[in-house]
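One structure below.
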Protein chains: 2
Amino acid sequence: MRATLMYGAGDVRVETVPDPIIQQPTDAIVRVVAGCICGSDLWPYASKPASEHGSRMGHEFVGIVEELGGDVVGLATGDFVIAPFVASDGTCDFCREGLQTSCRHGEHWGSPGDGGQGEFVRVPQAAGTLVVVPAGFDEALIPSLLSLSDVMCTGYHAAKKAHILPGQSVTVIGDGAVGLSAVLSAKLLGAGQVILMGRHQARTDLGRRFGATDVVAERGEEGIAKVKELTGGDGTHVVLEAVGLKSAIETAIAVVRDGGVISRVGAPQFGEVPLGFPEFMRNITLTGGVAPARAYIDELLPLVLDGTIEPGKVFDRTVGFDEVAAGYRAMADREALKVLIRP
Amino acid sequence: MRATLMYGAGDVRVETVPDPIIQQPTDAIVRVVAGCICGSDLWPYASKPASEHGSRMGHEFVGIVEELGGDVVGLATGDFVIAPFVASDGTCDFCREGLQTSCRHGEHWGSPGDGGQGEFVRVPQAAGTLVVVPAGFDEALIPSLLSLSDVMCTGYHAAKKAHILPGQSVTVIGDGAVGLSAVLSAKLLGAGQVILMGRHQARTDLGRRFGATDVVAERGEEGIAKVKELTGGDGTHVVLEAVGLKSAIETAIAVVRDGGVISRVGAPQFGEVPLGFPEFMRNITLTGGVAPARAYIDELLPLVLDGTIEPGKVFDRTVGFDEVAAGYRAMADREALKVLIRP
């Protein structure tokens, strides 16, 4: 089969790799209908050291079940399924608590296993991992269903971990696909004022359609001053941080209201967070983390199916396997917001 | 009147200072029945640069209302009152939300104002700040009522901010008065296993009486290994951090279970917290901060009055004004757990 590999920064290739086979009775083989490129793929795309051995890429996909191991229950060949970005058994204590990212038998996609940017994927712990779309295959819903693999659930995780109360004010830092999903999620939970910090107008325009009431294009001290101005000097009850840079966390700390919550879903590119004495005196909470997407699909899928939300709008480009490398470039250059891949 | 002043590290003196007078119509004058020395007073006692001008000390006291400004409602002269460790108006948005430490008219005790380690205190925002003991003066209850000024409410704040669920496992780091109050608070909220990390046996013995199920005397890597061993390798759902040193926060991060909460009430003696990528992948939450004691007194006072809890057991020494300096020394040398001062 064909699959995407990354050999180093800026070096992405689609090559022929072995077809996956059932290895464990709990496995499934899924034919990928659509995968995509994640903002988190851009970190290695910017900095991965060159290597002779490529890494299999992609952790988001929807597809059709082709084959099932003998122990898999609740799935049938032909099912149209969503794969959250971590495989989980669905039965351990962490899974039952809704923290499937800490599953005791959890596995991440990609090397040495298959990735979502390929034709087929061997899915470990298939019964716990895959979610069947009850309405079956629907071409028009592919982008929104695919967004439930990661970005929409990641934005929703940020909002849920912040325990947003109806009417509360929220700042979202970052106008990437996760940030925009966080805007949509904050509105779903009843947020009042939602301030989106981002400077790409096409993206912030989509943010407004998702529910942002204000957009702040400025960064750093200027951006902080603007959010303060929009909130009577206090900052917002909640900040959803969807970037992962230290500067974003520093902005979050500066714009959160006393007693407020910073919920982060941007993978941290730093080791320490400035939460010392001043933040202690202000009772600032830092929460969030990698999103257990599996925990939220059951809740969000009906809203996608009935048209309440359309998170798939974050995809603004679709490529075939011959254009995957160009898709990475376009996302890295901020020409594309999020790139969908059709094998 | 006589009051305690600190002139520098190790230099505490009781001197004559001007009697307080009503300055604002929202003020009250309270005659101190009992004050005390706080663990947080030990930070300046260890490191404050010498100065010609002493700082007025003490932020915890109970006393009798002597005089009231014209605008004070809900209080009468002769009332026996508890003063939380920050003055607050009781009417602003932060006070109504239960975050009186961020009150828009909040004031801290001590220089240039009066402190709790003196004979009298001018109390700003008296109607919002002071809580009347409905049963009136009771000599036997003084220690427990005084603990509601700070330590018991601070331990309770840690437990409340962690949203401890019945049956959850909790580690408490620190066997000082706040740590022991955190143990008592965790049990009040229904915690199951409560592991107290501390190495002073008289204190950890009191911790067991307050509800600790396990005591870990080891520190650092050894202590971490012990907590892991007691929790099947996972760590506890909640960690209440009552020390304020970076090593304590590092221990907290190491012993908290994936998806768990670290709630800190030790005043941070550091600027940055190591909450980078590994902690992000584990979905660790950091919460807590300075405790709005006023928010919890209404809830805890009935439990003190009916004998459900006896948080005043943390006081193991009582001194008069002639022994305040010795009281500081005893606490700094860990000879006394917490020192009560009777003017």
With a 4.0 Å cut-off on N to O distance, would you call B:Asp93 and A:Arg257 a salt bridge?
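A salt bridge links B:Asp93 with A:Arg257.
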Check the pair B:Thr287 / A:Thr287 against side-chain contact (heavy atoms from CB on, under 4.5 Å), numbers first and verdict last.
CA-CA 8 Å; B:Thr287 189; A:Thr287 188; over 6 Å; no
Select one option (side chain, backbone, both, neither) describing which atoms of B:Ile262 are under 4.5 Å from chain A's heavy atoms.
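Neither part.
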Run B:Thr101 and A:Asn283 through side-chain contact (heavy atoms from CB on, under 4.5 Å) and show every step you take.
CA-CA 9 Å; B:Thr101 43; A:Asn283 270 280; 3.8 Å; yes
Part of A:Gln269 lying under 4.5 Å from any heavy atom of chain B:
neither
Which members of residues 234-253 of chain A, sorted by number, sit under 4.5 angstrom from chain B on a heavy-atom basis?
A:Asp234, A:Lys246
Proximity of residues 151-176 of chain A to chain B, residues having a non-hydrogen atom under 4.5 angstrom:
A:His157, A:Lys161
As an exercise: rank A:Gly98, A:Pro292, A:Gly289 by heavy-atom pairs under 4.5 Å with chain B and give me the winner.
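Maximum pair count with chain B is reached by A:Gly289.
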Residue from A:Leu286, A:Val290, A:Thr285 scoring the most non-hydrogen pairs under 4.5 Å with chain B is A:Val290
Where B:Phe280 and A:Gly266 come nearest, the two heavy atoms and their spacing:
CE1-O, 3.5 Å
Would you say that more than 12 heavy atoms from the other residues, nucleotides or ligands in this model lie under 6.0 Å from the CZ of B:Phe270, or not?
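Enclosed: over 12 neighbouring heavy atoms sit under 6.0 Å from CZ of B:Phe270.
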What distance do A:Glu272 atom CD and B:Glu279 atom CD have between them, rounded to the nearest 0.5 Å?
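Atom-to-atom, A:Glu272:CD and B:Glu279:CD are 9.5 Å apart.
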To the nearest 0.5 Å, how far apart are CG in B:Leu275 and CG in A:Leu275?
7.0 Å
Under a 4.5 Å heavy-atom cutoff, which of B:Pro278, B:Gly288, B:Gly259, B:Ala291 has the most pairs with chain A?
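Highest number of heavy-atom pairs under 4.5 Å: B:Gly288.
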